[in-house]
Protein chains: 2
Amino acid sequence: MSQICLPLGIAKTDVELLENLIQSSETLQVNDAIFQQGERFSKVYAVKSGTFKSSRIDGQGNEHVTAFHLPGELIGLDGIYPDTYSSTTIALDTAVLCSMDYDELTQLCTSIPALQRQLLRLLSRDIYESYKANAENADHTAAQKLASFLNNLSTRYELRGYSALSFNLAMSRQDIASHLGLTPETVSRLLKRFKHDGLIDIENRHIELKDAGGLNALIACANG
Amino acid sequence: MSQICLPLGIAKTDVELLENLIQSSETLQVNDAIFQQGERFSKVYAVKSGTFKSSRIDGQGNEHVTAFHLPGELIGLDGIYPDTYSSTTIALDTAVLCSMDYDELTQLCTSIPALQRQLLRLLSRDIYESYKANAENADHTAAQKLASFLNNLSTRYELRGYSALSFNLAMSRQDIASHLGLTPETVSRLLKRFKHDGLIDIENRHIELKDAGGLNALIACANG
DNA sequence: CGACCTCTTGAATGAACTCAACAAAAGTGG
DNA sequence: CCACTTTTGTTGAGTTCATTCAAGAGGTCG
């Protein structure tokens, strides 16, 4: 968690203060929930390993997958404002999680300016990424959305030291479809097409990006 | 700006500190930019009056409207993380703006915990709203997106003490379309349909919500 | 091995798009 | 203040892309 919250220079004694705050790692199994939509907000979480899925149920009872969370990422920051968790977040595979009391974290922030700065940056990143996702999902074809999604996963894995070109999709086609505003059928057809076009290699849930440049070209190109 | 940043109890002396930070109000004319996409991040802004439009230019040179900003709202928080403004933001009408140096603001936050808490809440709100917008734009028909948009504007105007049912659209049909991932033609056709169905009354850029319940029903209903 | 769930494939439908033309409003200059 | 230009908004017809609906294949786990 130290690595997640503070790549910036923080004094050793401060790091100790921070680590006192972090509650013991917890292991979750597939479908175990961290929190439910509507539950009172109190903690933020960091993914140590495994993958999580956040989804909202809207007025009509439709599920919409709002985000996937990979190792090294923070979960729950969107709950600060409404003071309730705005999604239900579950483990997609066996996963390990750290937790941190939000009130204690903000108190610590007042005495460690670098920590405050970092927390604000992490919140801002979520806004930034969400705006970008919104823009990408708006004007683009289904193929472009899916290519963006794969590209995004790749970048995030790379950032955390995993392979950028070969990884497992912990989520179902249905989950991907919901996240991108498509149907599972469309996702399936597009993955097949990408494979046929030599952009990727996919076998069940294991994917290899064979031509990352081609994927990027697809995202940028007029015809999806 | 005091009202914007701190509805929470902050000591009077602290308010004075904060107000020292706020730089003089500035009046902008139509199309005047607050900042350009890519420019170095340094200040956050609060809308005193008027309307602003934030838009990004993507790789291919397509403009996408990421947000509209109404009186009482903060602008620029998505620039913290990348340390550059991630959109170009311009005035859609004659508008008045306050600005505030971000570094000074965060410094003040370390000595005023309530201010820090409020700043974090405002950042979280942007994440929350953006996730919600993403969910609404994903699975819904064009009519539902537009109804959501009108409803959203209405709520925001009401929150700030303006009329919830009668207001001017400072933005063009093109801007609305870009924001919602539609075409101007579709927006035009839908507004006509809403008017015909008695949901709204619209004359050029002045709109009246005649049947807010009907709009909400449309958003929730299966057939857009 | 059988039941269940996820994923894939096919054919037909439909919602929003593109393209094109026109109308109305706003801005400009004599 | 009026004619002219430019921008913005509206309307129509045809097309396309992703969807819906339906059925079958593949994987997983008791």
Side-chain angles (χ1 to χ4, degrees), chain A residues 29-31 53 62-65 90 92-94 136-149 168-196 200-207 218-219 221-224, chain B residues 29-31 51 53 55 62-65 90 92-94 136-149 168-196 200-207 218-219 221-224:
Chain A
Q29 301 304 322
V30 179
N31 286 327
K53 171 183 97 169
N62 297 119
E63 184 192 39
H64 182 260
V65 175
I90 65 167
L92 291 176
D93 43 26
T94 302
E136 266 164 12
N137 284 11
D139 229 10
H140 293 57
T141 65
Q144 290 175 314
K145 290 186 200 181
L146 185 60
S148 286
F149 173 71
N168 282 302
L169 300 169
M171 66 294 290
S172 68
R173 306 287 195 262
Q174 170 70 61
D175 290 337
I176 297 172
S178 169
H179 182 52
L180 299 177
L182 303 172
T183 58
E185 291 97 324
T186 300
V187 171
S188 179
R189 281 185 251 267
L190 286 172
L191 287 173
K192 187 188 175 188
R193 196 180 102 195
F194 287 178
K195 186 178 182 178
H196 175 265
I200 63 170
D201 207 350
I202 188 161
E203 212 59 60
N204 301 322
R205 291 190 179 184
H206 183 79
I207 188 166
L218 184 62
I219 297 165
C221 192
N223 53 341
Chain B
Q29 302 303 323
V30 180
N31 285 325
T51 314
K53 171 183 98 169
S55 59
N62 297 119
E63 184 191 40
H64 182 260
V65 175
I90 65 167
L92 291 176
D93 43 26
T94 304
E136 266 164 14
N137 284 11
D139 231 7
H140 293 58
T141 64
Q144 290 175 314
K145 290 185 199 180
L146 185 59
S148 286
F149 173 71
N168 282 302
L169 301 169
M171 68 294 288
S172 68
R173 307 288 194 263
Q174 169 71 60
D175 290 336
I176 297 172
S178 168
H179 183 51
L180 298 177
L182 302 172
T183 58
E185 292 95 325
T186 300
V187 171
S188 179
R189 281 185 252 267
L190 286 171
L191 287 173
K192 188 189 176 189
R193 196 180 101 196
F194 288 177
K195 185 177 181 179
H196 176 264
I200 63 171
D201 206 351
I202 189 162
E203 210 59 60
N204 300 322
R205 292 191 179 183
H206 183 79
I207 188 166
L218 184 63
I219 297 166
C221 192
N223 54 339

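Here is the naming used below: chain letters follow the sequence lines, and residue numbers restart at 1 for every chain.
The two atoms that bring A/His64 and A/His179 nearest to each other are NE2-O, 4.0 Å, heavy atoms only. Taking all atoms of both residues into account, the shortest heavy-atom contact from B/Arg173 to B/Asn204 is NH2-O, 2.8 Å. Between A/Ala170 and A/Arg205, the shortest heavy-atom distance links the atoms O-NH1, 3.1 Å. Heavy atoms only, all atoms of each residue included: B/Gln144 and B/Ile219 are closest at NE2-O, 3.0 Å.
We find that CG of B/Leu169 is positioned 10 Å from P of D/dG9, with the value rounded to whole Å. For the pair B/Leu92 CG and D/dT8 C1', the interatomic distance rounds to 14 Å; values are reported in whole Å. Between the CZ atom of B/Arg193 and the P atom of D/dT11 there is a distance of 14 Å, given to the nearest Å. Taking atom NZ of B/Lys195 as the reference point, atom P of D/dT11 lies 9 Å away to the nearest angstrom. Note: CG (B/Asp139) to P (C/dA15) measures 15 Å, nearest angstrom. Residue A/Ile202 contributes atom CD1, which lies 13 Å from atom P of D/dG27 at whole-angstrom precision. Going from atom CD1 of B/Ile176 over to atom C1' of D/dT10 covers 14 Å, rounded to whole Å. For the pair B/Leu190 CG and C/dA16 C1', the computed distance is 9 Å after rounding to whole Å.
Picking from C/dA25, C/dT6, C/dC17 the nucleotide with the shortest atom distance to the side chain of A/Arg205 gives C/dT6.
Once rounded to the nearest 0.5 Å, the distance linking CG of B/Leu190 with CG of B/Leu180 reads 10.0 Å. Here CG of B/Asp139 is found 10.5 Å from CD of A/Glu63. Values are rounded to the nearest 0.5 Å.
Taking only side-chain nitrogens and oxygens, B/Ser172 never comes nearer than 4.0 Å to OP1 or OP2 of D/dT8.
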Contact list (N/O, under 3.5 angstrom) for nucleotides 9-11 of chain C vs protein:
residue : atom : partner  : partner atom : Å
C/dG10  : N7   : A/Arg189 : NH1          : 2.9
C/dG10  : O6   : A/Arg189 : NH2          : 3.4

